[in-house]
Structures are given as C-alpha cells and as structure tokens.
Amino acid sequence: MFYRVDLMKLLLIHSDYIEYEVKDKAIKNPEETDVKSGRLEEALTAFTAVEQIDEKSPKKAVKQAVSEIEKIASQLKIKNIMLYPYAHLSSNLANPKKAQEILIEIEYELKNKHFSVKRSPFGWYKSFKISCKGHPLSELSREIIPGEEETESLKQERKLSSYWYILTENGTLHDVGDFNFKGYENLKKFAFYEKEKSRAIKGEPAHVTLMQKLEIADYEPASDGGNMRFYPKGRFIKKLIEDYVTQRVVEYGGLEVETPIMYDMDHPTLSKYLERFPARQYQIESDKRNFFLRFAACFGQFLMAHDATISYKNLPLKIYELTKYSFRREQSGELTGLRRLRAFTMPDVHAFTSDIKMAMDEFNVRYDLCLSVQKNLGIENDDIEMALRTTKEFYKNNKDFMVALVKKLGKPVLIEMWDERIFYFILKYEFNFIDSSEKASALSTDQIDIENGERYNIKFTDKDGKMKHPLILHCSPSGAIERVIYALLEKEAMKMNKGKKPMLPLWLSPTQIRLIPVGDEFISDCERFIDELNKVSEYQHIRSDIDDREESVSRKIRDAEKEWIPIIIVVGEKEKDSKKFTPRFRSSTISDSDKAYSLEELHKLITTQTKGFPQEKIALPAYLSKRPKFKG
RNA sequence: GCCGCUGUGGCUUAGAGGUAGAGCAGCUGAUUCGUAAUCAGCAGGUCGUGGGUUCAAAUCCCACCAGCGGCUCCA
C-alpha cells in the first residue's frame, strides 16, 4: 500500500515450449554470452523485471521470487524453469548490473532446489516463441512487495523458531506430536489448525444463514466487504453484549474513554509502528494529510497516557474503550459473515503497570475477569481452547505461573514458544472458539507488552522519584462483539445438528415472552398481562410482545419457534379467568413446561435468570402486526 | 490478494439460445381459530453490473462486483 510503485514483477507462463534467439544489444553492456538461442519443453517461463526497490534488499527479493516460482511450479508439477529478463513489465527498473545479479541469484537458488533452470541472457533484444497451455493456472503475474517483506520474513522466522507443546494441569509439557488427544478433540483440532494449518473442507458457515434468518446482521453490498448492517434485533443483541462487557470492565476498574478512529500516517510515533504492518489499513485523505483508520484502540489510549501525569500510586492504571469501530483491511477472500470483518467492535482495556511483578499479578486478575465474562456471555470452557504464547526463557523462569493459568482453565492448553522474542509482547494468551467447520477464532486475549511504553514515551514517576516506562497489558475480555455473536450462533448451529432446539441466552433474547391470543378479543388481555408483568418491579423490565396478526394459533407458535422465542404463552378464556399460564419453554433450563405459572412467578423466573445482566427495552413495536420484515 | 464455484421478484428456487414459472413473505377478501404452516384472489422480475457474439441472450464469450470453498493472512 505504501510503495506500490516499486515492486519486482513476475509474469509466469506454463508453456508447452519456450524458445528464444538473441538479436541486438538492449543496453550498453549486456551480459556476455556464447549462447545465442535456447529452448525448453514443458516449462514454466518466468518473465522477470527487477525493480529499484529490490536493490535495497536483494536477498529478500531473491528469496521471495524463488518461493513464488517454486510454489507455482510445484502446483503445476513442473521441473523446467526458464528465467527470462523482461524489462517491459515495469517502469521502475533496477540498475542493470544489480538486476542481473539478482537474476543469477534466483537461478542459483532454483537450481539448488533441484529445478532444471535455464536463463536467457540479460540486456539483449531477443525474439521468442512461446506456446501457452491456456489452462487457468497457466498465466499468472506476481508482484513482490518490499513493504511486506519485513512482515513476511518476520513471520517466516517466527515459524522457523516456533515450538509447539501441550501443557497439562499437572505441569507436564508434551510435544504436540506426542500428546494423546483422546478426550480433547477440540484441542486437537485447534492444535492442528494452528500448527499444521490444516483446514477441513466443510460447507458454508452455519452462522451466516442464522444471522440472516434471525434478522441479526447482514451483508451490506453498498459498503466495502466485511462492513455489516445490523437489523433492530441484531443491534439490540449487540448492544446488550457491549453493555455487559463494559459493565464488567468498569467494575474491574477500567476508566472508559473515547478516542478518534483515524490518525495521521506521518505522526512520528505511529508511522514507525505502521511500517511494520503495511497494506492493512483503510486510508483517508483530508486536505493534504493522510490518515489511517485505527485497527485497535491502542493508539488513542497510548497517546492519551503519554500526555497524562502518572504516579506509581495510580498503578495499575486501567484505560478502557469499546471501539466502534476498529478497521482492518483483511484480504477479501478472508472475510466471512461475523467471524472475520473489516470493521468490528472491539472492547480493549489496557493496564499500565510499574514492573513485571505487577504486570503478572494484574494479568491474573484479568484472566479471571475474561473467563467469567466469556462464560456469562454463553461461551463455556468446553467451547474454547486456550493458547499461550511466550519465549523459552520466560517460560523457564515462570513455569509455575503458567501452570496456574492452566489449572484455572481446568484442561490442557496449546503453548507456542520462541527462542527469542519476536513481537512486542512477552506473554500472550487467547481463548479460541472452534466452530462446526473446525475453524478456530480468537475471542478473549491478554498480553504483556514490554515495548510500547517506551515507543510511545509513556512515563510514570516511581517511588524513587525517577521517570520510568510502564509495562502495558492489552486485553479484550470478550474479543470482537461481532465475533461473540458468531460464536453463539455457531454453538447453537452445532446443537441443531444434534437435533436440539437452538436458543440465545434469556438475557440476550430480544423477545423473552411472546403472548399469543387465541382470538382478537384476547389482545387487550395480553396488553393487561404485559402491564402487570412489568408492574412487579420498576427496575426489571421483561421484554414481551403480542402476536396480534390474523393467523392461526399453530401458525403463530410455529413463527415464534422459528424466532427462537424462549417463552411462548397462548392466551384465551382459561388464562383470562385464572391468570395462570402454561408456557412453552424453549429449554428445560428455563423451567418445566408442564406446570402452571402466575405472572409473579414468571417475572421471578426471568429476573433470577437475567440477574447481573443489562435489562433493556427493545425498540420494536409490541404488536407483531406493526413490525416490518427485514429479511425473508 | 490468488485459484475455483455460484449470482433469476424481499426470501427459496425452476428455466440451459426463441413470450421468465412456482412456493413462501406482502396486499385484498373470507375464516375468529387452544400449542410448529386456514383458504381464495391480486400485485411484484432491466434474470448481479457493464460490454460483446447472434435475426434473437437469464442461457454463449469477456470484464467487473458480491457471496461461498480453498490458498494466503489473522500485528
């Protein structure tokens, strides 16, 4: 995204044959050669233009070009490669001498990988004949982007020096390959998803159908991919989750703030940070300045902390923001439903701590918070697998600390270790949800960051009167809100596959009680019951509505079931007289369906089960006949 | 971003060179109903968008867009 002007360019053609003949000099001092013509059968021809930027990091350019060519060649199962200098692919060519060196280097590397390589001479006009196979993979062009090289190589390094283990509750460290996964099927799926990058071939994600059917969220074709629309019910569910997470973080001591969603790309602190991760942001031009949309809440909070006067007495200092939104320009092919988005809502609480001891103590406090928040959101320990990521050294020195985390979770975890610290954090965990397609997605996470206190020049005055940089913990207690909804829906989809009724938690259900009058004359009784129900307590609101449509009772029940309404009550003569109700409970976890309940009993039933969660009214008409259909 | 598949009223879909057809939802009317679909009628479609081939294109070709699957990626 930054330097798209300067790239090495490759055009790869799978051909029956390629042949060339050297004609005239194209540059002053072309490569000396006796070979005036060449031909190769069943070859991958790589037309290559080496560009200016490649000169700056020739080794990386070579490495990437080789890996790109190798990848395609192995897909096509070809051994013959013709390396063909082709200046016309670029308007920003490298110095010829350097370019020639790079080409020779590529040739050498490819030969090392046991390809049969020919290279046409550099700096000559040549005539050539090529017979292209014409199948879909036969013509490919590639750009080697130097801006991405840094991350690319970083990641390769990371992979090279990553060690994967399973850490059990009793503190035994198993090699992933040797661990017996019996009884830990999801951990196995997760471990292989992470380590081997193996992907199961399954149908489309279950939550996408559900989010549309339940009128929660949908794609918005008029926006960029991964920017969703939320219908009233979806917005309501999302708001409740947002409110709940915020409430828990505030109880923990988080100071809620709000910071801008866009930042100057040339800001000295930010630009350095950005350079490590180019080509992943939305950019906005305003007058002559360029801004990027934030991809996390860190920037605003760190800049705020930078300007604050902080004493050791204030630590740990916890700053919280629920970002609406954070933006990441994920690759288009990577976007799916609510799982992976380009704009998402992220609760993010940072804790500024004085030293590693305080950081680790705080880490523990937040670990409990995260487990509790996730559980209350409806994601149980059985639904998630934990990954711990750290360096070998940190593990060695803090083994007991790690094992204690595992014990709290109550099951083995995946642990990734590096020889040296590669990222800014020294310890990180995430809880990953495994869905029906065996894909793993991170929800809650926390990490101990030992770099950014200094990078952002955040300071606090310590006991000894000296200025020091804090260690910063980055935590999202729930993960992206959209992703929480995704996990809840996927979880219910898995239930449906087992023949069970799906349901959202009672506190999240937009409608908690649906009243179905047997006939028009009972509509006013339904209204009365709703009034009485909410007169029981002025602080606790029960979300109820009335299906006043001109439909049969069975039809209304069917529709209520399709909407996952937790409690359905038919109202007729009997109820009018007795004021006793025999509800249909969607799940036996709410209550028994056979018994009769008074309004007070129903009120109590719901309020005890939604205690501690946000109690909101929903902005939808109480009468179903007044509601538009947003989908279907 | 790359490779492949898909794209027909709000939804689910039939049609495979020759006048776009259905079910659901919507509207109107009848029915006033006790635990998963009451009946009838009406209206609704530039066949994802833009080009091209053809006497004729939803249908064949090209490009683009979107969704899905895979690759890659996931700070």
Side-chain angles (χ1 to χ4, degrees), chain A residues 1 12 67-68 71-72 75-76 135-143 145 148 150-152 154-155 158 193-194 197-205 208-209 212-213 215 218-226 273-281 295-296 298 326 328-337 339-342 422-425 428 430 432 437 439-442 445 447 449 451-452 474 480 483 501 514 516-523 547 550-563 565 568-575 582-584 593 628-632:
Chain A
M1 185 167 273
L12 302 171
S67 95
E68 208 50 60
K71 198 167 92 189
I72 303 302
Q75 272 178 30
L76 297 169
H135 61 80
L137 264 176
S138 65
E139 296 167 86
L140 299 169
S141 67
R142 287 286 186 278
E143 299 172 329
I145 302 162
E148 284 175 358
E150 207 59 49
T151 36
E152 201 58 43
L154 257 174
K155 267 163 209 148
R158 175 187 164 183
Y193 186 85
E194 276 290 313
K197 303 286 177 195
S198 79
R199 303 298 141 95
I201 301 156
K202 291 276 163 69
E204 72 178 51
V208 174
T209 322
Q212 293 169 334
K213 281 229 165 85
E215 296 193 322
D218 214 339
Y219 298 109
E220 174 50 74
S223 183
D224 190 21
Y273 197 49
L274 272 180
E275 271 167 27
R276 277 183 70 188
F277 310 107
R280 302 302 295 277
Q281 292 87 40
F295 46 86
C298 305
S326 286
R328 296 185 191 181
R329 263 196 50 88
E330 306 291 6
Q331 297 180 94
S332 59
E334 196 45 45
L335 306 167
T336 9
R339 188 169 93 91
R340 200 74 187 278
L341 299 168
R342 280 183 173 168
I422 293 154
F423 294 120
Y424 54 77
F425 56 84
K428 175 186 182 179
E430 326 109 31
N432 287 271
S437 324
K439 285 184 198 289
S441 304
T445 173
Q447 48 190 250
D449 169 356
E451 265 183 17
N452 282 308
H474 302 234
R483 193 171 271 186
K501 276 188 186 179
R514 160 93 22 105
I516 297 179
V518 171
D520 281 355
E521 67 271 29
F522 298 106
I523 292 180
D547 193 343
E550 288 189 40
E551 299 287 352
S552 69
V553 172
S554 357
R555 174 50 186 270
K556 290 177 185 174
I557 286 171
R558 180 183 149 82
D559 288 346
E561 294 278 2
K562 278 166 64 181
E563 227 184 301
I565 307 287
I568 302 168
I569 296 176
V570 176
V571 175
E573 202 64 46
K574 260 191 308 184
E575 288 75 14
T582 43
R584 244 178 190 251
S593 283
K629 263 195 179 346
F630 286 97
K631 188 81 178 179

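Per chain, numbering begins at 1; letters A, B, ... match sequence-line order.
- Going from atom CZ of A:R340 over to atom C1' of B:G1 covers 13 Å, rounded to whole Å.
- Considering only side-chain N and O atoms, A:R584 lies under 4.0 angstrom from the phosphate OP1 or OP2 of B:A36.
- The separation of B:A56 from B:A16, taken at their C1' atoms, amounts to 16 Å, rounded to a whole angstrom.
- Between A:R555 and B:A25 there is a side-chain N or O to OP1 or OP2 distance below 4.0 Å.
- Nucleic acid contact class of A:K574 (heavy atoms, under 4.0 Å, all strands): base.
- When the C1' atom of B:U31 is taken as reference, atom NZ of A:K556 falls 13 Å away, rounded to whole Å.
- The base-pairing partner of B:G18, taking Watson-Crick or G-U wobble contacts with both distances under 3.5 Å, is B:C55.
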Item to complete: With side chain to side chain contact (heavy atoms under 4.5 Å, CB included) as the test, would you mind laying out the steps for A:F425 and A:E451 before giving the verdict?
Response: CA-CA 7 Å; A:F425 56 84; A:E451 265 183 17; over 6 Å; no
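- Nucleotides B:G18 and B:A57 have their C1' atoms positioned 10 Å apart, rounded to a whole Å.
- Going from the P atom of B:U49 to that of B:A58 covers 11 Å, rounded to whole Å.
- Spacing between atom CZ of A:R329 and atom C1' of B:G1 amounts to 9 Å, rounded to whole angstrom units.
- A gap of 16 Å separates the C1' atoms of B:C55 and B:C60, to the nearest Å.
- Among the atoms of the strands shown, only primed sugar atoms or phosphate atoms (P, OP1, OP2) are found under 4.0 Å from some heavy atom of A:S554.
- Taking atom C1' in both B:A66 and B:C33, the straight-line distance is 45 Å, to the nearest Å.
- Taking atom CD on A:E330 and atom P on B:C68, their separation rounds to 14 Å, with Å as the unit.
- Residue A:G226 is the one, among A:G226 and A:R328, whose nearest nucleotide of RNA chain B lies closer to the 5' end (criterion: closest heavy atom).
- Of the candidates A:R329, A:R340, A:R328, A:R340 is the only one forming a salt bridge (Lys or Arg N to Asp or Glu O under 4.0 Å) with A:E334.
- For A:E334 against B:U72, a side-chain-to-base donor-acceptor contact under 3.5 Å is present.
- As judged by a 4.0 angstrom heavy-atom cut-off over every strand, A:Y219 is placed among residues touching the sugar-phosphate backbone only.
- Within the shown strands, B:C68 is the pairing partner of B:G4 under the Watson-Crick or G-U definition, both distances less than 3.5 Å.
- A:L335 comes within 4.0 angstrom of sugar-phosphate atoms only, judged by non-hydrogen atoms across all strands, and of no base.
- Of the candidates B:U35, B:A75, B:G1, B:A75 carries the atom nearest the A:F425 side chain, counting heavy atoms from C-beta on.
- Nucleotide B:A63 has B:U49 as its partner under the Watson-Crick or G-U criteria, with both atom distances under 3.5 Å.
- Base pairing of B:C42 is made with B:G26, judged by Watson-Crick or G-U wobble geometry with both donor-acceptor distances under 3.5 Å.
- A straight line from CD1 of A:I557 to C1' of B:U38 spans 15 Å, rounded to a whole angstrom.
- No more than 12 heavy atoms of other residues, nucleotides or ligands shown are found within 6.0 angstrom of NZ on A:K213.
- We find the CD-CD1 distance between A:E561 and A:I568 to be 4.0 Å, quoted to the nearest 0.5 Å.
- Side chain of A:Y219 to main chain of A:G226: no donor-acceptor pair is present (N/O by atom type, distance under 3.5 Å, no hydrogens or angles).
- Set against B:U38, B:A75, B:C68, the side chain of A:P205 has B:C68 as its closest nucleotide.
- Picking from B:U32, B:A75, B:G34 the nucleotide with the shortest atom distance to the side chain of A:F295 gives B:A75.
- The side chain of A:K562 sits closest to B:A36 out of B:A36, B:A75, B:U32.
- Here B:C68 presents its C1' atom at 13 Å from CZ of A:R339, a figure rounded to the nearest Å.
- No donor-acceptor pair closer than 3.5 Å links the side chain of A:E430 to the backbone N or O of A:T445.
- Between A:K439 and the phosphate of B:G70, there is a side-chain N or O to OP1/OP2 separation shorter than 4.0 Å.
- Look at the P atom in both B:U13 and B:U8: the space between them is 9 Å, to the nearest Å.
- Distance noted for atom P between B:G10 and B:C2: 31 Å (whole Å).
- Among the heavy atoms of the strands lying under 4.0 Å from A:V570 is at least one base atom, whether or not backbone atoms are also near.
- The base of B:G34 sits within donor-acceptor range of the side chain of A:E575, with an N or O pair under 3.5 Å.
- A 3.5 Å limit on both hydrogen-bonding distances identifies no Watson-Crick or G-U partner for B:A37.
- The CD atom of A:Q212 sits 17 Å away from the P atom of B:A66 (whole-angstrom rounding).
- Across all strands, A:S441 comes closer than 4.0 Å to no nucleic acid atom at all (heavy-atom distances).
- The CZ atom of A:R584 lies 5.0 Å from the CD1 atom of A:I557; values are rounded to the nearest 0.5 Å.
- Side-chain atoms of A:E561 lie closest to B:A36 of the nucleotides B:A36, B:C11, B:A75.
- Side chains of A:R483 and A:S441 form a contact here, defined as non-hydrogen atoms less than 4.5 Å apart.
- With P as the reference atom, B:G4 and B:A43 are 45 Å apart, rounded to whole Å.
- Judged by closest nucleotide on RNA chain B, A:K629 is the one of A:S223 and A:K629 placed further toward the 5' end.
- When the P atom of B:G34 is taken as reference, atom CD of A:E551 falls 14 Å away, rounded to whole Å.
- Among B:U31, B:G69, B:C73, the nucleotide with an atom closest to any side-chain atom of A:T336 is B:G69.
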